[in-house]
2 protein chains.
Amino acid sequence: MCGMARPRKPLLSRERIVTTALALVDAEGLAALSTRRLAAELGVSGPSLYNHFTTKDGILDAVADTVIAEVDVSALATGTDWRTGLLAWARSYRAALAAHPHIVPFLAQGPGRRPAGLKMADAAFGGMVAAGWPPAQATRICAMVRYFVAGSALGSFARGFVDDPSAYDPADYPRLGQAHLLAEHQQRVDEGAFETGLLALVDGLALRHPESGPAPHR
Amino acid sequence: MCGMARPRKPLLSRERIVTTALALVDAEGLAALSTRRLAAELGVSGPSLYNHFTTKDGILDAVADTVIAEVDVSALATGTDWRTGLLAWARSYRAALAAHPHIVPFLAQGPGRRPAGLKMADAAFGGMVAAGWPPAQATRICAMVRYFVAGSALGSFARGFVDDPSAYDPADYPRLGQAHLLAEHQQRVDEGAFETGLLALVDGLALRHPESGPAPHR
DNA sequence: ACCTGAACACCGTTCAAGT
DNA sequence: ACCTGAACACCGTTCAAGT
């Protein structure tokens, strides 16, 4: 009768859909994102979404690009030392993904044609080449940073272990006696592993830089 | 009638279900694994699966443990040099996951109570501690290897870029001019990045070992 | 242009019924 | 014990109908 069918002002926009979808995925996981549930959250009926996106995957694509757009690539600009740039980029990259762990599997399928993903790849690859890395090596560096960041954001290492001592019978797993304690130190363990690994990776790479001296041990 | 209801010999077994599920996931992805589809592949009706697993997630759990069981941890045994052990473990770990990329997101949720996952964690942690690493550092090493391996198996870096030059407009992405070529060198790029990253990581770690001299530049 | 409800071919899971 | 079909509450997506 009155508020039905088409209102004078659109109820939806791509932006509102993406924002709500990201909030839903963050709060309840990828499985909770159904078109019907998302539509309900937006106060419309399910099929309405198809006026703004051709497919549910299209929505996820836009969500993924929003997340990548949060990554700060400014430190990769020409002129900065490559180690400093790489460290800052990787930390920002991880922070962005760790804030939205549930879309990481989707995100890790690569930039494809998503603008924020391509902008990041352009900045990272360009930054490494400008710092003197041969293109093939610059590509590998971008790839290994993606591996490390995506892997660390995909799921907590520490929370992978159950918070229950009886799960780790010393007869079966003699060296996992403390494993049940990992869960409660989740953040410390995961961030420590990422940070230690990142610094080790950069030191190891420094040994391979065309104009390298010895790596700094800090 | 004749072949209906319960046959004298069970039609299904946990093992047959897991094997078929893994084959289906490998061939068509996680989304193709529905209980109805899996049951059809096994020649039974959907609900039959619930006589052997309490839930679809339980099936995936068993599939994940099967994949981890393929990882060779023998090089982590006490007595081997920790670098050699770590490299061999990480390579075997990556090979196992890369053979079944579609279950990596599920796998990366950690070992939980899965026996093969726990056996691997026990061997890796124990191996690093036996090699002189303090327990906290050994934990971090296990975590960072998981990050790197899972991230690299989760999705190809190279195939993340579309095989279409027009996707990467030089005006928008000035340094991605060759990006469309990545797809065709997918395996070389991804394996090169993993191998380079792994060696860099180990060299970087060697600088931090309690009894370390300088890292070898291989 | 942008929303609606109805409809289609799917899901995971439960359950009573068969042997 | 182990399989079946029917049923329940869901899915993603299409489409004709409304304004």
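Protein chains get the first letters and strands the later ones, always in sequence-line order, with residue 1 at the start of each. Remember, predicted model here, so these are calculated numbers, not experimental data.
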### Task
Describe, in one word, how the ring planes of B/Tyr147 and A/Phe148 are oriented to each other, choosing from parallel (under 30°), tilted (30 to 60°) and perpendicular (over 60°).
perpendicular
Taking the side chain of [X] as heavy atoms from C-beta outward, which of [options] is closest to it?
X	options	value
B/Thr35	C/dC2, C/dT13, D/dT13	C/dT13
B/Pro10	D/dC3, C/dT4, C/dC15	D/dC3
A/Val44	C/dC2, D/dT13, C/dT4	C/dT4

### Message
Can you work out whether B/Arg36 or B/Leu12 has the more 5'-proximal nearest nucleotide on DNA chain D?
### Response
B/Leu12
### Message
Are there over 12 heavy-atom neighbours, none belonging to A/Gln178, within less than 6.0 Å of that residue's CD?
### Response
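Open: at most 12 neighbouring heavy atoms sit under 6.0 Å from CD of A/Gln178.
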### Query
For A/Arg16, does the CZ atom have more than 12 heavy-atom neighbours from other residues, nucleotides or ligands under 6.0 Å away?
yes
### Message
When you measure from the side-chain N and O atoms of A/Thr55 to the phosphate of D/dT13, is any distance below 4.0 Å, counting only OP1 and OP2?
### Response
yes
#### Entry: Any B/Ser45 side-chain N or O less than 4.0 Å from OP1/OP2 of D/dC3
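So the side chain of B/Ser45 is outside the cut-off, no N or O lying under 4.0 Å from OP1 or OP2 of D/dC3.
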### Query
Without hydrogens or angle criteria, can the side chains of B/His100 and B/Asp26 be said to hold a donor-acceptor pair below 3.5 Å?
yes
### Backbone of A/Leu118 reached by a side-chain donor or acceptor of A/Arg113 within 3.5 Å
no
### Query
Do the side chain of A/Thr55 and the main chain of A/Gly58 share a donor and acceptor less than 3.5 angstrom apart?
no
### Task
Name the nucleic acid region contacted by B/Leu33, choosing base, sugar-phosphate or nothing; use a 4.0 angstrom heavy-atom cut-off, strictly under.
sugar-phosphate
### Task
Classify the nucleic acid contact of A/Ser48 as base, sugar-phosphate or nothing, counting any heavy atom under 4.0 Å across all strands shown.
base
#### Entry: Pairing pattern in dot-bracket form [Watson-Crick, G-U; both distances under 3.5 Å; | = partner strand] for DNA chain C
||.|||||...|||||.||
### Query
A/Leu49 CG to C/dG5 C1': how many Å, rounded?
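That distance rounds to 15 Å.
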